Amino acid sequence: MKNKKKIVIANWKMNPETIGEAVKIFNATKMAVKDLKNTKVVICPPFVYLSDLEKLLSPKEEKQLAFGAQDMFWEKSGSYTGEISSPMLKGEKYVILGHSERRELGETNEIVAKKAFSAIKAGLSPILCFGEKERDSHGEYLHFLRQQIVESLNKVNKKLLPKVIIAYEPIWAIGKGAERALRATEVHEITLYIRKVLSEIYGQEIVVTIPILYGGSVNYQNAKDIILNGMVQGLLVGRESLKIEKFSELLKNVD
Ligand code: PGA
């Protein structure tokens, strides 16, 4: 894993409001990515911007920059108003699944499991998000996390596992109202726990090859510390990925 590139996912969520702004942010990100040696960036814009933005990426640039979707449905087509399927995401390599903001709207582990299976079968790498709402002193949150992981991965067998990317995102550290980002040592602890849970299912050998990312109030100031001392293979960045200068700085620091 040492020689592998770090992964930074830019989760734009429901931003920006216009394609014009989206192009501006994308072009700036493209410039920032040019000089990176050890980092790969995956931009996840709203669905409606994907095909326009893809046209702005040359095949040469695809090594460092890729696109991902923020969600997808598990069926390929049919009467599912408002949903997007894997064949519709043909140009993409990644898809975020089970983000806490979607879980908040009713997405269950069972739904995430179906989506993860369907995404892998379609050749996509699912970025599976896990994270507790709050922490307690009895370690209940660890049980909660274990259950999320076990249930969300229950259709992914050992053969399919190498496609998976794990994103640990404690809900209390995400978004504007967040208390704070996790400290690097806390990130490290939790990744060890996640690897232990995964190893129990799949065996240690394969699990060491699965990237674990951290997300939640990552910014240009804390990114380097989280990568170095949190021992994660990358970051999932929300707000800071829309701020052109700060995101460039963040990428430099990660690299
Ligand atoms: P944030 O969001 O970086 O704005 O906290 C992270 C996420 O929700 O993925």
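Along the sequence shown, residues carry numbers from 1. Quick caveat, the model's predicted, so the values are computed rather than measured.
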Checklist line | is_close_aromatic(Phe144, Phe130), centroid dist under 6.0 Å | finding: no

Notebook entry, point to check: Would you call Glu249 and Lys252 a salt bridge, taking side-chain N to carboxylate O under 4.0 Å as the test?
Noted result: yes

Margin query: Could you check whether any side-chain N or O of Ser152 sits under 3.5 Å from a backbone N or O of Ile149, counting only pairs where one atom can act as donor and the other as acceptor?
Written below: no

Notebook entry, point to check: Do the ring planes of Phe73 and Tyr80 sit parallel (below 30°), tilted (30 to 60°) or perpendicular (above 60°)?
Noted result: tilted

Next item on the list: State, with a plain yes or no, whether a side-chain heavy atom of Lys4 is found less than 4.5 Å away from one of Gln233.
Entry: no

Margin query: Donor-acceptor check, side chain of Asp255 to backbone of Leu36, threshold 3.5 angstrom: yes or no?
Written below: no

Checklist line | Close side-chain approach of Asp71 and Ile84, heavy atoms under 4.5 Å | finding: no

Check: Can you hop from Val150 to Phe117 via hydrophobic side chains spaced under 4.5 Å?
Finding: yes

Next item on the list: Could you give me the CA-CA distance, side-chain angles and deciding distance for Asn253 and Leu250, then say whether side chain to side chain contact (heavy atoms under 4.5 Å, CB included) is met?
Entry: CA-CA 5 Å; Asn253 292 343; Leu250 182 152; 5.7 Å; no

Next item on the list: Answer yes if Tyr220 and Val254 sit in the same cluster of Ile, Leu, Val, Met, Phe, Trp and Tyr residues linked by side chain heavy atoms under 4.5 Å apart, and no otherwise.
Entry: yes

Notebook entry, point to check: So, does Ser241 use its side chain to make a donor-acceptor pair with the main chain of Ala10 at under 3.5 Å?
Noted result: no

Margin query: Are the side chains of Asp52 and Ile19 in contact, using a 4.5 Å heavy-atom criterion?
Written below: yes

Check: With a cut-off of 6.0 Å (strictly less than), are more than 12 heavy atoms of other residues, nucleotides or ligands near CD of Glu21?
Finding: yes

Note to self: I'd like to know whether CE of Met88 has more than 12 heavy-atom contacts from other residues, nucleotides or ligands below 6.0 angstrom.
What the structure shows: yes

Check: Considering residues, nucleotides and ligands other than Lys224, do more than 12 of their heavy atoms fall under 6.0 Å from its NZ?
Finding: no

Notebook entry, point to check: Can you name the closest pair of heavy atoms from Ser100 and Ile171 and give their distance?
Noted result: CB-CG1, 3.6 Å

Notebook entry, point to check: Is the backbone N or O of Glu140 less than 3.5 Å from a side-chain atom of His138, with the two atoms forming a donor-acceptor pair by type?
Noted result: no

Notebook entry, point to check: Once you round to the nearest 0.5 Å, how far does NZ of Lys163 lie from CG of Leu128?
Noted result: 13.0 Å

Check: Strictly by modelled atom types, are Glu132 and Tyr168 linked by a side-chain donor-acceptor pair under 3.5 Å?
Finding: yes

Check: With distance as the sole test, does Lys133 use its side chain to make a donor-acceptor pair with the main-chain N or O of Pro170 at under 3.5 Å?
Finding: no

Notebook entry, point to check: How many angstroms lie between CG in Leu142 and CD in Gln147, if you round to the nearest 0.5 Å?
Noted result: 13.0 Å

Note to self: Pairing donors with acceptors under 3.5 angstrom, does anything connect the side chains of Gln70 and Trp12?
What the structure shows: no

Check: If Ile, Leu, Val, Met, Phe, Trp and Tyr residues are connected whenever their side-chain heavy atoms lie under 4.5 Å apart, and connections chain through other members, are Leu251 and Ile165 in the same group?
Finding: no

Next item on the list: Over all heavy atoms of both residues, which pair between Cys129 and Ile96 is shortest? Give the atoms and the distance, please.
Entry: SG-CG2, 3.8 Å

Notebook entry, point to check: Do Asn109 and Arg103 pass the side-chain hydrogen bond (donor to acceptor under 3.5 Å, both in side chains) test, and can you show the C-alpha distance, the side-chain angles, and the key distance before you say yes or no?
Noted result: CA-CA 8 Å; Asn109 293 334; Arg103 290 182 186 265; 2.6 Å; yes

Margin query: Please check this pair: side chain of Arg239 against backbone of Gly175, looking for a donor-acceptor N/O pair closer than 3.5 Å.
Written below: yes

Check: With a 4.0 Å cut-off, would you call Lys158 and Glu205 a salt bridge?
Finding: no

Next item on the list: Output yes when Lys243 and Glu240 qualify as a salt bridge under the 4.0 Å nitrogen-oxygen rule, no when they do not.
Entry: yes

Next item on the list: Quick one: closest heavy-atom pair of Gly131 and Gln148, and the distance?
Entry: N-OE1, 2.9 Å

Margin query: Given 3.5 Å as the limit, does a donor-acceptor pair link the side chain of Thr29 with the main chain of Ile25, or not?
Written below: yes

Check: Taking it one step at a time, do Leu192 and Ile190 satisfy side chain to side chain contact (heavy atoms under 4.5 Å, CB included)?
Finding: CA-CA 5 Å; Leu192 291 176; Ile190 209 80; over 6 Å; no

Next item on the list: Answer yes or no: is there an ion pair linking Lys115 with Glu107, defined by an N-O contact shorter than 4.0 Å?
Entry: yes

Check: Stepwise, does the side chain to side chain contact (heavy atoms under 4.5 Å, CB included) test hold for Phe247 with Leu242?
Finding: CA-CA 7 Å; Phe247 192 54; Leu242 295 155; over 6 Å; no

Next item on the list: Is it possible for you to say whether Ile127 and Val41 belong to one hydrophobic cluster, with membership spreading through side-chain heavy-atom contacts below 4.5 Å?
Entry: no

Check: Can you list the steps and then say if Leu235 with Leu213 is a side chain to side chain contact (heavy atoms under 4.5 Å, CB included)?
Finding: CA-CA 5 Å; Leu235 302 166; Leu213 319 183; 5.8 Å; no

Checklist line | Over 12 non-hydrogen atoms of neighbours within 6.0 angstrom of CD in Glu83 | finding: yes

Check: What is the minimum heavy-atom distance between Arg195 and Val207, and which atoms define it?
Finding: NH1-O, 2.8 Å

Note to self: I'd like to check Leu236 versus Glu169 (side-chain heavy atoms, cut-off strictly below 4.5 Å). Are they in contact?
What the structure shows: yes

Check: Hey, are the side chains of Tyr202 and Val156 touching, using non-hydrogen atoms and a 4.5 Å cut-off?
Finding: yes

Item checked: Interatomic spacing from OG in Ser125 to CD1 in Ile120 - rounded to 0.5 Å -> 7.5 Å

Check: Taking all non-hydrogen atoms of both residues, which atom of Ile244 and which atom of Ser248 are closest, and how far apart?
Finding: O-OG, 2.9 Å

Next item on the list: Flag the pair Val42 / Phe67 as yes when at least one side-chain heavy-atom distance between them is below 4.5 Å, and no otherwise.
Entry: no

Note to self: Is the shortest side-chain heavy-atom distance between Lys5 and Thr39 below 4.5 Å?
What the structure shows: no

Margin query: Around atom CD of Glu61, are there more than 12 heavy atoms from other residues, nucleotides or ligands closer than 6.0 Å?
Written below: yes

Margin query: Rounded at 0.5 Å granularity, tell me how far CD1 in Ile9 sits from CD1 in Ile43.
Written below: 10.5 Å

Check: To the nearest 0.5 Å, what is the distance between CE (Met72) and CG (Leu89)?
Finding: 7.0 Å

Next item on the list: May I ask you to decide if Gly216's main-chain N or O and Tyr214's side chain share a donor-acceptor pair within less than 3.5 Å?
Entry: yes

Check: Can you tell me how far CG of Leu153 sits from CD of Glu151, rounded to the nearest 0.5 angstrom?
Finding: 11.0 Å

Check: How close do Leu182 and Ile226 get, heavy atom to heavy atom, and via which atoms?
Finding: O-CD1, 4.2 Å

Next item on the list: Say whether Ile194 and Ile7 are linked into one hydrophobic cluster, either directly or through other cluster members, by side-chain heavy-atom distances under 4.5 angstrom.
Entry: no

Next item on the list: Answer yes or no: is there a side-chain heavy-atom contact under 4.5 Å between Ser217 and Ile174?
Entry: no

